[in-house]
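Let me begin by presenting the structure, written as structure tokens, before commenting on it.
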There are 2 protein chains.
Amino acid sequence: MTSILGYALLGLLAREPCSGYDLSRKMQKPISFFWRARHSQIYPELAKLEAQSLVTYTVVEQQDQPDKKVYTITSAGEDALRKWVSTPMDVSMLRDELILRAYSLWLASPDEARQLFLTHAQLHSEQLNMYEAVLQEMLAESHIQQVDSPQFGSYAVLMLGIGYERMYSEWCYWVAQQLEHGVTK
Amino acid sequence: MTSILGYALLGLLAREPCSGYDLSRKMQKPISFFWRARHSQIYPELAKLEAQSLVTYTVVEQQDQPDKKVYTITSAGEDALRKWVSTPMDVSMLRDELILRAYSLWLASPDEARQLFLTHAQLHSEQLNMYEAVLQEMLAESHIQQVDSPQFGSYAVLMLGIGYERMYSEWCYWVAQQLEHGVTK
DNA sequence: GCTGACATGTAACGTGTTACATGATTTT
DNA sequence: AAAATCATGTAACACGTTACATGTCAGC
């Protein structure tokens, strides 16, 4: 009944009340949060959540900025979110264009393809560095081992992000190296 | 103009001519091929590729089985595919429901959540074992270092798959362990 | 007056999933 | 006769992206 995006929004609202605009900004950058969405998807989804009484909102009037609707999760919303987290599910599919391209690498010019993979190795490597910097901050300040604190959720997601970016960038470098030294007919 | 699915189909047809049904079966299982699609998407896409003259088909009459349309990639199709492989692109987004759930783990019952993550650790671990068995076969038989052979494409994708499943299953085990030994308020 | 950040929506389009629909041939 | 596999399609719906559309307020 509630979409995955709905649960993503509930997950953010379970931490702190937000406006649609706030949620929209949080879902643009991949720092500790992978599921991205545009505001054009967020506003209608918030309306659906409100219709199901999983969130409520109050209009906050502002002098220095335009008025806004601040959404808060309800206890019914928290229950739905809590239940969803542990419900059995199928393994999600990996849908990555670069991997699909790799499948047809043998057709391409090794030099041009090598350039593409080096670029992506670099991009994922930078993302890795960024995540590792965030991890250092996290380890320093907060009680991330406390599994019932929101910080633990962020920590768990960040650890996956670090593993993913490390694995991905190494793979890109490896492909580039194969294209450089690989045998040709 | 051509969708990613279109290039996925061209990538398969560049290796050998196939019917829509053949392509459909190849795109159901994730062995060396990650981009999955249903036949309801494949048949219309083949029609679009044919309209652009990137593929052609001939009707093959069979006695023991129903007749079929066997599609072959054209040289224009091969050119389009080759060009696409090395064209600059943005980093693909990771859209994984379990990661999103991890973000709200702090709300869940540690026991139930631990069970979910152990189940997924197991599933990814099995996928890893399967990929590693395929790799052993690959290393034994064919010229996978030859970067202009189709086998190299399969090899490259398989290596990513192995790295991904290893990283993912280890992360699931780590999360489960955290939930077991983690501090609670 | 213009630009930029804040703020909230809708519409059109493309992609992907589920369900509907049909029919041949082989095996049980 | 029924079930399984082969074989090809369409339709309805859900999800996601891009573009359209409007309006406030602050700073230049």
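Chain letters run A, B, ... following the sequence lines, proteins first, then strands; residues in each count from 1.
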N/O donor-acceptor pairs under 3.5 Å from side chains in residues 58-68 of chain B, not counting sequence neighbours:
unit_1 : atom_1 : unit_2 : atom_2 : d
B/Q62  : NE2    : B/P66  : O      : 2.7
B/D67  : OD1    : B/Q62  : N      : 3.1

Tell me every residue that passes ring pair (Phe, Tyr, Trp, His ring centres under 6.0 Å) with B/Y57, counting only those two or more places apart in sequence or in another chain. B/Y71

For residues 121-134 of chain A, which residue pairs qualify under salt bridge (charged side-chain N to carboxylate O under 4.0 Å, His left out), counting only residues two or more places apart or in two chains? A/E132-A/R166

Over its full length, what angle do the end axes of the helix from C/dG1-D/dC28 to C/dT28-D/dA1 make, each axis taken from five pairs and the result rounded to 10 degrees? 10°

Please lay out, stage by stage, how B/Y21 and B/H39 fare under the test side-chain contact (heavy atoms from CB on, under 4.5 Å). CA-CA 7 Å; B/Y21 189 78; B/H39 76 273; over 6 Å; no

B/R38 CZ to C/dT17 C1', in whole Å, measures 6 Å

Listed in order of residue number, which residues of residues 50-69 of chain A have a non-hydrogen atom at under 4.0 Å from DNA chain D? A/Q63, A/D64, A/Q65, A/P66

Distance criterion of 3.5 Å, no angle test: do you see the side chain of A/S19 paired donor-to-acceptor with the base of C/dT8? no

Can you give me the first and the last nucleotide of DNA chain D (5' to 3') that has an atom within less than 4.0 angstrom of a non-hydrogen atom in chain B? D/dC6 to D/dT17

Chi angles and distances behind the side-chain contact (heavy atoms from CB on, under 4.5 Å) call for B/R101, A/T87: CA-CA 10 Å; B/R101 291 188 183 199; A/T87 300; 4.1 Å; yes

Going by the rule side-chain hydrogen bond (donor to acceptor under 3.5 Å, both in side chains), which residues pair with A/D22 if we only count those two or more places apart in sequence or in a different chain? A/S19, A/R25

Can you name the residues that form a side-chain hydrogen bond (donor to acceptor under 3.5 Å, both in side chains) with B/S3, not counting sequence neighbours? B/E45

In sequence, state the C-alpha distance, the side-chain angles, and the governing distance for B/E16 and B/K26, and then conclude on salt bridge (charged side-chain N to carboxylate O under 4.0 Å, His left out). CA-CA 12 Å; B/E16 53 170 345; B/K26 281 173 198 251; 2.5 Å; yes

Kindly write out the residues that satisfy side-chain hydrogen bond (donor to acceptor under 3.5 Å, both in side chains) with B/W84, not counting sequence neighbours, or none if the list is empty. A/E97

Taking side-chain hydrogen bond (donor to acceptor under 3.5 Å, both in side chains) as the definition, give me every residue that meets it alongside B/R82, ordered by chain and number, with sequence neighbours left out. B/D79

Can you measure B/I42 atom CD1 to C/dT17 atom P for me and round it to whole angstrom units? 10 Å

Residue set satisfying ring pair (Phe, Tyr, Trp, His ring centres under 6.0 Å) with A/Y168, at least two apart, ordered chain then number -> A/H124, A/Y164, A/W171

Could you go through nucleotides 12-16 of chain C and list every protein N or O atom that sits under 3.5 Å from one of its N or O atoms, giving the distance for each pair?
unit_1 : atom_1 : unit_2 : atom_2 : d
C/dG16 : OP1    : A/R95  : NH1    : 3.4
C/dG16 : OP2    : B/Q41  : NE2    : 2.6
C/dG16 : O5'    : B/Q41  : NE2    : 3.4
C/dG16 : O3'    : A/R95  : NH2    : 3.3

Measure from NZ or CZ of A/R38 to the centre of the six-membered ring of A/Y43 and say whether it is under 6.0 Å with the direction within 45° of the ring axis. no

Among side-chain atoms of A/R15 and A/S154, is any donor-acceptor pair under 3.5 angstrom? yes

